[in-house]
Amino acid sequence: MPDTSNTPDIVIFGGTGDLVMRKLLPSLYRLHVYKLLDPATRIVGTARSKLDRDQYLATATEAARNFLGKDFKDDVWAEFAQRIDYAPVDAREAHSFNALSQALAVRLAPRVFYLSTAPNLFSDICRNLSDNGMITPGSRVILEKPLGFDLASSQAINDEVGAHFAEDHIFRIDHYLGKEPVQNLMALRFGNSLFEPLWRREWIRDVQITVAERIGVGSRGEFYNETGALRDMVQNHILQTLCIVAMEPPASIAPDAVRDEKLKVLRALRPIAASEVPQVTVRGQYKAGVIDGQAVKGYLQEEGIPADSRTETFVAIKAEIDSWRWAGVPFFLRTGKCMQDRVTEIVINFRSVPHSIFAHGALKNYTNRLVIQMQPYETVKLHMMGKEPGDDMNLEPVTLDLDFREAFQRRQLEAYERLLMDSLRGKLTLFVRRDEQEAAWRWVEPILDAWAASPDKPKPYNAGTWGPAASSALVGREGLSWHEES
Ligand code: BG6
């Protein structure tokens, strides 16, 4: 018999929630299918609902059938489901942890506690786990976003959780770090010598990070209205992506080597003063429009949204990094709901040649641009100049196109699969450290404060467009434009 005493079990708080049904259980199922989940690992769902195991499994099975589509196989699911158990727990009631404690006591393994509840329950959950002696040696905790509403609330959460778990046992999720293309960006930058000499202010004119979604707020209106795009997307996903673009080469891939370098980027982000906020940020809110030929309602008409809401569904920011590598290079960040296209990409625009040897106008369409697209397709495109066939020396942009799915023809792990696997194996590199998270809040908070204090409303934009005109103007003021292919 193999020794499984160090193989963790996973306990999911908020176990009946949408994320668990839509992402976590399907991801664990896929890890099971691909033999990436240790056979000894058990999965215990917990929530307030007084369900028994069969009832919980019935709900989970139906959801999995839905979300896994053709990957769902009855016999494989039945085998996977043997790992699953359920214990009702009211996070605020110490005594209600007994059932969970008993369900886990079957073996004394380390436990991975996944907190997929509202963050105001994190403190009670951790204290009750601790008081009930359930935090066995090697146990760790995964924290799902949103991790706070501002710096103070995120510090409070970190203090509460930190009272029971050491920092190197806390796995803060940012699912963007689990995306294969984000890791590929590290591979591209640090696995090749080609880019590094060019990856600096001398050669790069500007960087653009776009996360555009076609979807609106859907059924999450109430949550979203309290949150807005800056908290929902920029504070975490976009700033983490920016860190990977901008960080210095870490000494190794070890968690703190990488996270130290990301932290330096966050600390070097130039603070945006309240007086500058109107010039270097744009906040927008979608109005009714058309996406893919379908009429889409405006944000203010969505369910759960007050008619006078000032919540932003679009943000664009000109950020700057005060470092020798990046001084003077604008980083344009933007994200929005109900946009023209679904695209997540990083665009690196290189500077012009210092002197043209060609006839006047031969370089008029000059493009030296690296486009790292993460969604919907994972591609890296290098747009550069080449000679147009013919008598004249006319130069036109040509594209070197690398399609990662074509190139590797192998199934990629989805973000939650990767992050669940890493947390079960205790690998912290792709999780956010407390100081990083707090540095990110420190940078976004003055923007939030300035917006809250301003009499201006978010700028309207039609659903199905690239956002308010002010977003083009933000980039246009630097003589630039957003990279938009459609
Ligand atoms: C989540 C946000 O963190 O990321 C959502 O809360 C957003 O509002 C989602 O839709 C986007 O993730 P992805 O992986 O679809 O780009």
Side-chain angles (χ1 to χ4, degrees), residues 18 22 145-146 149 175-176 208-239 241 277-319 332-345 347 373-376 444 447-477 481-486:
D18 179 61
R22 201 163 37 84
K145 81 184 261 274
F149 188 73
H175 79 280
Y176 266 55
Q208 304 182 359
I209 301 178
T210 293
V211 182
E213 297 184 275
R214 275 195 179 163
I215 53 168
V217 295
S219 56
R220 300 160 78 217
E222 219 169 298
F223 160 79
Y224 193 87
N225 201 52
E226 294 291 303
T227 308
L230 190 66
R231 290 188 177 93
D232 191 41
M233 298 295 289
V234 178
Q235 188 274 340
N236 34 57
H237 309 324
I238 291 195
L239 288 187
T241 308
V277 167
Q279 278 81 52
V280 300
T281 73
V282 175
R283 58 175 169 152
Q285 191 184 70
Y286 61 86
K287 294 193 304 178
V290 176
I291 300 181
D292 255 352
Q294 300 281 322
V296 170
K297 50 183 162 179
Y299 179 69
L300 298 179
Q301 287 81 53
E302 299 271 18
E303 204 188 310
I305 308 298
D308 58 353
S309 169
R310 288 169 164 241
T311 299
E312 77 287 357
T313 61
F314 173 95
V315 186
I317 302 179
K318 176 189 162 195
F332 294 105
L333 317 176
R334 79 176 159 166
T335 183
K337 300 264 184 215
C338 280
M339 308 246 325
Q340 180 161 327
D341 221 342
R342 174 173 185 243
V343 56
T344 300
E345 66 182 15
V347 177
Q373 191 177 89
M374 293 159 53
Q375 286 170 159
V444 299
I447 306 174
L448 289 167
D449 292 345
W451 285 349
S454 160
D456 300 338
K457 293 184 185 159
K459 302 213 162 26
Y461 63 98
N462 291 327
T465 65
W466 286 109
S471 158
S472 309
L474 174 80
V475 180
R477 282 198 286 280
S481 55
W482 289 108
H483 176 250
E484 282 157 13
E485 273 184 358
S486 55

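What you see is a predicted model; the values in this text were computed from it and never measured. All values below were derived from every heavy atom in this structure, side-chain atoms included, with hydrogens, water molecules and symmetry-related copies excluded.
- How far OG1 of T281 is from NZ of K318: 12.5 Å, rounded to the nearest 0.5 Å.
- Taking the side chain as every heavy atom from C-beta outward, S309 and E302 never approach each other to under 4.5 Å.
- Between R231 and L448 the shortest side-chain heavy-atom distance falls below 4.5 Å.
- At least one side-chain heavy atom of I317 sits under 4.5 Å from a side-chain heavy atom of L230.
- A heavy-atom distance below 4.5 Å is not found between the side chains of K459 and F314.
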Exercise. Which is it for R310 and D456 under the salt bridge (Lys or Arg N to Asp or Glu O under 4.0 Å) test, yes or no, and what are the steps along the way?
Worked result: CA-CA 9 Å; R310 288 169 164 241; D456 300 338; over 6 Å; no

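- Shortest non-hydrogen contact noted between G216 and C338 is CA-SG, 3.5 Å.
- Scanning both residues, Q285 and T311, for their nearest heavy atoms gives NE2-O, 3.0 Å.
- When side chains are defined from C-beta on, E312 does not count as touching V282, because their heavy atoms never get closer than 4.5 Å.
- Between T227 and K145 the shortest side-chain heavy-atom distance does not fall below 4.5 Å.
- Sorted pairs that involve residues 209-234 and meet ring-ring contact (aromatic ring centres under 6.0 Å, His included), not counting sequence neighbours, are lacking altogether.
- The distance from the CD atom of Q373 to the OG1 atom of T344 is 8.0 Å, given to the nearest 0.5 Å.
- The OG1 atom of T465 sits 9.5 Å away from atom NZ of K287, with the distance rounded to the nearest 0.5 Å.
- The distance from the CZ atom of R214 to the CE atom of M339 is 11.5 Å, given to the nearest 0.5 Å.
- Atom CD of Q279 has more than 12 neighbouring heavy atoms from other residues, nucleotides or ligands inside a 6.0 Å radius.
- Shortest non-hydrogen contact noted between P306 and N225 is CD-ND2, 3.3 Å.
- Annotation for V315 and A229: closest pair CG2-CB, 3.6 Å, computed over non-hydrogen atoms.
- Proximity of a side-chain donor or acceptor of E484 to a complementary backbone N or O of W466 within less than 3.5 Å is not detected.
- Rounded to the nearest 0.5 angstrom, R220 CZ and I215 CD1 are separated by 7.5 Å.
- Taking the side chain as every heavy atom from C-beta outward, T241 and L333 never approach each other to under 4.5 Å.
- Atom CD of E222 is surrounded by 12 or fewer heavy atoms from other residues, nucleotides or ligands within 6.0 Å.
- Between D308 and K457 there is no salt bridge, since none of the side-chain N atoms of the basic residue sits less than 4.0 Å from a carboxylate O of the acidic one.
- Ring pair Y176/H237 is parallel by interplanar angle, where below 30° counts as parallel and above 60° as perpendicular.
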Problem set entry | Evaluation steps, side chain to side chain donor-acceptor pair (under 3.5 Å), between T210 and W482 | CA-CA 9 Å; T210 293; W482 289 108; over 6 Å; no

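- Minimum interatomic distance between P468 and P460 (heavy atoms only, all atoms of both residues): CB-O, 4.0 Å.
- Between the side chain of T313 and the backbone N or O of Y286 there is at least one donor-acceptor pair closer than 3.5 Å.
- For Q208 (side chain) and S481 (main-chain N/O), a donor-acceptor pair under 3.5 Å exists by modelled atom type.
- K337 contributes atom NZ, which lies 11.5 Å from atom CD1 of I291 (distance to the nearest 0.5 angstrom).
- Although no hydrogens or angles enter the test, the distance criterion places no donor-acceptor pair under 3.5 Å between the side chain of R342 and the main chain of A212.
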